[in-house]
Every structure is written in structure tokens, then in C-alpha cells.
*Asks:* 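Below is the structure I would like to discuss, written out as C-alpha cells.
First the proteins, then the strands, lettered A, B, ... as listed; each starts at 1. Worth knowing before you read on, the calculation uses all heavy atoms, side chains too, and leaves out hydrogens, waters and symmetry mates.
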There are 2 protein chains.
Amino acid sequence: MGRLGLVQKDAKELPLRERKKLRTRQALVDTALELFTAQDFTTVTLDEIVDAVEVSKRTFFRTFTSKEDVALAPEKELWAAYVTDIESRPLSGERLLGAYKDALFAALEQMTDGWEQRFLASRSLADRTPALTAHSLRHCSEVSANVVRIVAGRLAGQSPGDTELRLLLDLMLAAWHRALEAWTSSEAAQQDRAALVRHMHEAFAVIPAVAALAAQDG
Amino acid sequence: MGRLGLVQKDAKELPLRERKKLRTRQALVDTALELFTAQDFTTVTLDEIVDAVEVSKRTFFRTFTSKEDVALAPEKELWAAYVTDIESRPLSGERLLGAYKDALFAALEQMTDGWEQRFLASRSLADRTPALTAHSLRHCSEVSANVVRIVAGRLAGQSPGDTELRLLLDLMLAAWHRALEAWTSSEAAQQDRAALVRHMHEAFAVIPAVAALAAQDG
DNA sequence: TGAGCTTATGCCACTCAGTGGCACTATCGC
DNA sequence: GCGATAGTGCCACTGAGTGGCATAAGCTCA
């Protein structure tokens, strides 16, 4: 579909300075995830990371806001694509959950090659590192608030209120988190993107039953 | 109903050493919330807090795990009561959402006098402090996992699967967070416990509509 | 191609959260 | 009261994150 080609073209059109910045950024993410995976998020020190990449600590903090930030870079990439997709996606009062879900599948598809390995490493780390869990949840919550603001603006005044929009999104995100859990805890051979999509379908398939349970005692 | 009397009796029966620990703990929470509210979570330094309470920094970290921990103490208190309530609450496969909700109302009632002021301060801080938002969400997520483990064990094998149990709980928690948002952003005169309960009812009342939206596009 | 502007980087010193270790003091059980 | 058993204070240390300033690298226009 030429997506990758487009990205390369974009990259080539970027001025040298920007390309260098992106290159060190990518190097930082890669080596950080490598070191965190080999050892552990808490034991790996920032100095080890910047020494390995041969940049100063100062440069690290101009690229990332914190040690957690670099470890969650793949996740942030995904959510950025999600927001972009939602912004340009046709919406209607009904089939909202469908739109929420479809945007996530679409965002997933937009990730470049190699993203899934980084994302898997990032998620595995987050599952066993409290500090990363916390940062991940906060980012997710910020994105949710943004998405609801966008969607509410688009459906201005129409059918579902803001609270409904948000609860529905949170419900989908809850399912997404179950899917992630299943994915990261599955055997290594089943940790590619297709498997993640399967887990997402399974988790989303549970939602109707939950809706029934929720409806039966208002 | 004599609940408060019981608590006082319990406190009196505690050995002196324990009572002292509780006293400094309470002093730390109170002054920390005071200072954070007067200034700001990030600008208030740990030394200021421990100087005001006249304990050493070392003692602070024997009582709390982090600076965030002390700021979220009222919230943790509530969730501890929630888990305790769930553990001893009769459960059935149907009316699960009802049980989740009722346990929260029950936990709220068990909080001692003065709790709501501390909780309000804590929540207001959390709303405008990223680090606190993150820690709060993580704690909530850990409690969720625990609650589902408990409930799943009690309903072993029965009707709803673990995923359904978790998604339903997450849905309730999403509503709870909306209620909190409404409560903390309301005018000061409407920030007592009764008002919080009203906001909870309002938020929970939205769930059926969300269930309908979720059911219509599986 | 080079002068001059702009922007990223490196380096240094600093603050502050959090930890480990050890001596000290207060409580408890008898 | 007298050992045993805590909790506390003090001190030195690591490691994350920030501010400031000099330097180097990339960009722009002649």
C-alpha cells in the first residue's frame, strides 16, 4: 500500500537536523528498551542509557520528559495515531462503539514495521513495573479526555451526552487492556500483530455480555 | 450507629507505641494536604513537611512509600474499606453491578468524620497534578485486579467469566471517576459527602444508556 | 563558499526524592 | 525495674530531573 514508502519519502524530505534528532530519538528508545528488558526498568540507570547511545543526559531530557517516557514511547505513538484517526473519522450518534474500536484497529495498522517488537517489550515492562503502569494509565486517561472532547465537539448537542461518550470509550479501553494482558502473557510465537488483533476481537466480543449485565440492574 | 464510638474504643485498646505511630501518620497526612493545597504538590518539599510535623525524613518513608502516597492517603483508605466490604458481601451472578455499586456506597459510609475534607483536598490536588493522577489510577487498577480475583474466586466457574467481571467493574469505576470530577469541580458549598453520593447516583444512572449503546453494535 | 544567524548539544553544578546503615531512645513483657 | 523489641534520628549516598552557559552543528542568503 506504499505507506512505508511514503514515510521514507517524508523522512528524506526532512532537513538534516531533524533527521538527526529522530535518529538519536529512535536510538534512545531502542537501547533503552533493550537494557530495560535485559535487566529491569528500575536497576538500569539513565547514565547507562545515554552512555550507550553516546549523548548527554541533557539531550535525553530534551527528547523525553522522563525515564518512563522513553519506555512507553511505542504506546504513545499508537495513541497519537488513534487521535489523528478519530479526528478525521465520520461519526454518528449510533455505532459509536464501532467507531471507537475501528479507530484502534486503524491506528494499529498505521504503525511501521518493527513497532510491534518495541511495543511488546514496552508492555511487558509496564506489566511488571509499577512506575510504568502508572504513567501508562495516566497517558491513556489523558488521551481519553482528548478524544471525548473531540467527539463531543463533532456531535455537538446530539444524542449521547459527554458522560455517555466517555463511559463507552472507557469500556472499550477496559477491553483493550484485557486484550493486551492476554497478548503479553501468551507464548512468544503468538506475540505478533495478528495475534494482538485476535485478542482484541476476543475482548471486544465480551462487551455485549457486559452490556447485558449492566442493563439488568440499573 | 455507634461506629465512631467503636473506632475510638479500638484506638484506645491499641498499645501506646501503635497509637503514637497512628498519630504521626495522621499529622503527616493533615499537614501534607494543607501545604499541598496552600502551595502546590510539586513545589512543597518533603523537608518542609517533615519539619512542620517534627519528624525525620526517614520516619516519613517508614510510614509512606512516596510523596504521592501521603497525598492519596484518603483515597487508599476508601479502597481498603471497599475491598473489605466486597470480601464479606453476598454475591450472585446477576445483580453484580449492583453489588459493585453498593460496596462503594458502603465503603463511603464507613469513612470517619473529617475524611471528606481530606479526600476533597486529595482529589483536587490529583486533578491538577499529573504525578498524583498517575499514582491514583495505578492504585485503582491494582484494587480492581484484587477485587476481580476475590469475586472470581467466590463465583468459581459460575456464570460471568473473569473478563466480564473486570469490564463490569471498570465500567462502574469509570462512572465513579465522572462523579468525582463533577464533585470536585462543583461549588464549595456542595462538596460534602451527601453531594458526592448524589453525583454518584447521577453518574451510575448513565450506565443503562451506555449499555444500550454498547449492545447495539457488538 | 563563506559570513552570520539559529538551533541543538555538552558540560557543570544544583535540588530533591528515596535508601541503607547504625546508634539511640522509648515501649513492652515480665 | 530489666532485658528484649520495637520505632526514631542522623548521615552519607545514589539517581532523576533542571537551569545556565559555552560550543558546535546545521541553515540562509549573498
Side-chain angles (χ1 to χ4, degrees), chain A residues 11-29 31-33 35-36 39-73 125-126 129-136 138, chain B residues 11-29 31-33 35-36 39-73 125-126 129-136 138:
Chain A
K12 278 222 160 51
E13 280 176 1
L14 246 42
L16 175 59
R17 210 189 278 171
E18 298 297 315
R19 269 182 291 159
K20 274 198 170 179
K21 252 208 306 193
L22 277 179
R23 186 146 33 93
T24 55
R25 187 197 160 83
Q26 203 53 53
L28 281 170
V29 172
T31 49
L33 286 177
L35 290 173
F36 291 155
Q39 307 175 32
D40 173 59
F41 179 78
T42 43
T43 62
V44 175
T45 178
L46 219 42
D47 289 323
E48 294 182 54
I49 300 171
V50 298
D51 284 356
V53 184
E54 290 184 311
V55 291
S56 72
K57 209 172 57 167
R58 207 69 194 74
T59 298
F60 177 92
F61 283 108
R62 283 193 203 93
T63 316
F64 299 99
T65 60
S66 66
K67 193 181 164 191
E68 287 79 24
D69 195 30
V70 69
L72 297 175
L125 247 6
T129 314
L132 290 180
T133 311
H135 271 71
S136 169
R138 170 164 62 101
Chain B
K12 278 223 161 53
E13 279 176 0
L14 248 42
L16 175 59
R17 213 186 272 171
E18 297 298 315
R19 267 181 292 160
K20 275 196 170 179
K21 252 208 305 195
L22 276 180
R23 186 145 35 92
T24 54
R25 187 195 160 84
Q26 203 54 50
L28 281 169
V29 172
T31 50
L33 287 178
L35 290 173
F36 290 156
Q39 307 176 31
D40 173 60
F41 178 78
T42 43
T43 61
V44 174
T45 178
L46 219 43
D47 289 323
E48 295 183 53
I49 300 171
V50 298
D51 284 356
V53 184
E54 292 184 309
V55 291
S56 72
K57 208 173 57 167
R58 207 67 194 74
T59 296
F60 177 91
F61 282 108
R62 283 192 203 95
T63 316
F64 299 100
T65 61
S66 67
K67 194 182 165 190
E68 287 79 25
D69 195 29
V70 68
L72 297 175
L125 248 4
T129 313
L132 289 180
T133 311
H135 271 70
S136 169
R138 171 166 61 98

*Asks:* Between P on dG15(D) and CD on Glu48(A), what's the gap in Å once rounded to a whole number?
*Replies:* 8 Å
*Asks:* Between Thr42(A) and Arg62(A), which residue's closest nucleotide on DNA chain D lies nearer the 5′ terminus?
*Replies:* Thr42(A)
*Asks:* For the CZ atom of Arg25(A) and the CG atom of Leu22(A), what is their distance to the nearest 0.5 Å?
*Replies:* 7.5 Å
*Asks:* What is the separation between atom CG on Asp69(B) and atom P on dA17(C), rounded to the nearest whole Å?
*Replies:* 15 Å
*Asks:* Give the rounded distance in Å between these two atoms: CZ of Phe36(A) and P of dG15(D).
*Replies:* 13 Å
*Asks:* Round to a whole Å and report the spacing from CZ of Arg25(B) to C1' of dT8(D).
*Replies:* 17 Å
*Asks:* For Phe60(A) and dA16(D), what is the distance between atoms CZ and P respectively, to the nearest whole Å?
*Replies:* 9 Å
*Asks:* Which residue, Arg58(B) or Val44(B), contacts DNA chain C at a nucleotide closer to its 5' end, judged by nearest heavy atom?
*Replies:* Val44(B)
*Asks:* Which listed nucleotide (dT9(C), dA16(D), dT8(D)) is nearest to the side chain of Thr24(B)?
*Replies:* dT8(D)
*Asks:* Counting distance alone, no hydrogens or angles: does the base of dG9(D) have a donor or acceptor under 3.5 Å from a partner atom on the side chain of Lys57(B)?
*Replies:* no
*Asks:* Answer with yes or no whether Lys67(A) presents, from its side chain, a donor or acceptor under 3.5 Å of a partner atom in the base of dG17(D).
*Replies:* no
*Asks:* Looking only at side-chain atoms of Phe61(B), point me to the closest of dT19(C), dA16(D), dG9(D).
*Replies:* dT19(C)
*Asks:* When you measure from the side chain of Arg17(B), which nucleotide among dA8(C), dG10(C), dA6(D) comes out closest?
*Replies:* dA6(D)
*Asks:* If every non-hydrogen atom of His135(A) is compared with every non-hydrogen atom of Leu72(A), which pair is closest and at what distance?
*Replies:* CB-CD1, 3.6 Å
*Asks:* Between Ala71(A) and Phe36(A), what is the shortest heavy-atom contact and its length?
*Replies:* CB-CE1, 3.8 Å
*Asks:* Are Val50(B) and Thr59(B) close enough, and set up right, to give a side chain to side chain contact (heavy atoms under 4.5 Å, CB included), and what steps lead you there?
*Replies:* CA-CA 9 Å; Val50(B) 298; Thr59(B) 296; over 6 Å; no
*Asks:* So, is Ser56(B) close to the dT8(D) phosphate, meaning a side-chain N or O under 4.0 Å from OP1 or OP2?
*Replies:* no
*Asks:* Need one value for Lys21(A): base, sugar-phosphate or nothing, where a base atom within 4.0 Å counts as base even if backbone is also close, heavy atoms only.
*Replies:* sugar-phosphate
*Asks:* Name the nucleic acid region contacted by Lys20(A), choosing base, sugar-phosphate or nothing; use a 4.0 angstrom heavy-atom cut-off, strictly under.
*Replies:* sugar-phosphate
*Asks:* Starting at atom CG of Leu28(A), determine the distance to atom P of dA16(D), rounded to an integer number of angstrom.
*Replies:* 14 Å
*Asks:* Compare side-chain N and O positions of Thr45(B) against OP1 and OP2 of dC16(C) and report whether any pair is under 4.0 Å apart.
*Replies:* no
*Asks:* For Arg23(B) and dA26(C), give me the distance from atom CZ to atom C1', rounded to whole Å.
*Replies:* 13 Å
*Asks:* Rounded to the nearest angstrom, tell me the gap between atom CZ in Phe64(B) and atom C1' in dT19(C).
*Replies:* 18 Å
*Asks:* Which nucleotide wins on minimum distance to the side chain of Glu68(B), given the candidates dC27(D), dG18(C), dC28(C)?
*Replies:* dG18(C)
*Asks:* Any donor and acceptor pair, going by atom type alone, linking the side chain of Thr31(B) with main-chain N or O of Ala27(B) inside 3.5 Å?
*Replies:* yes
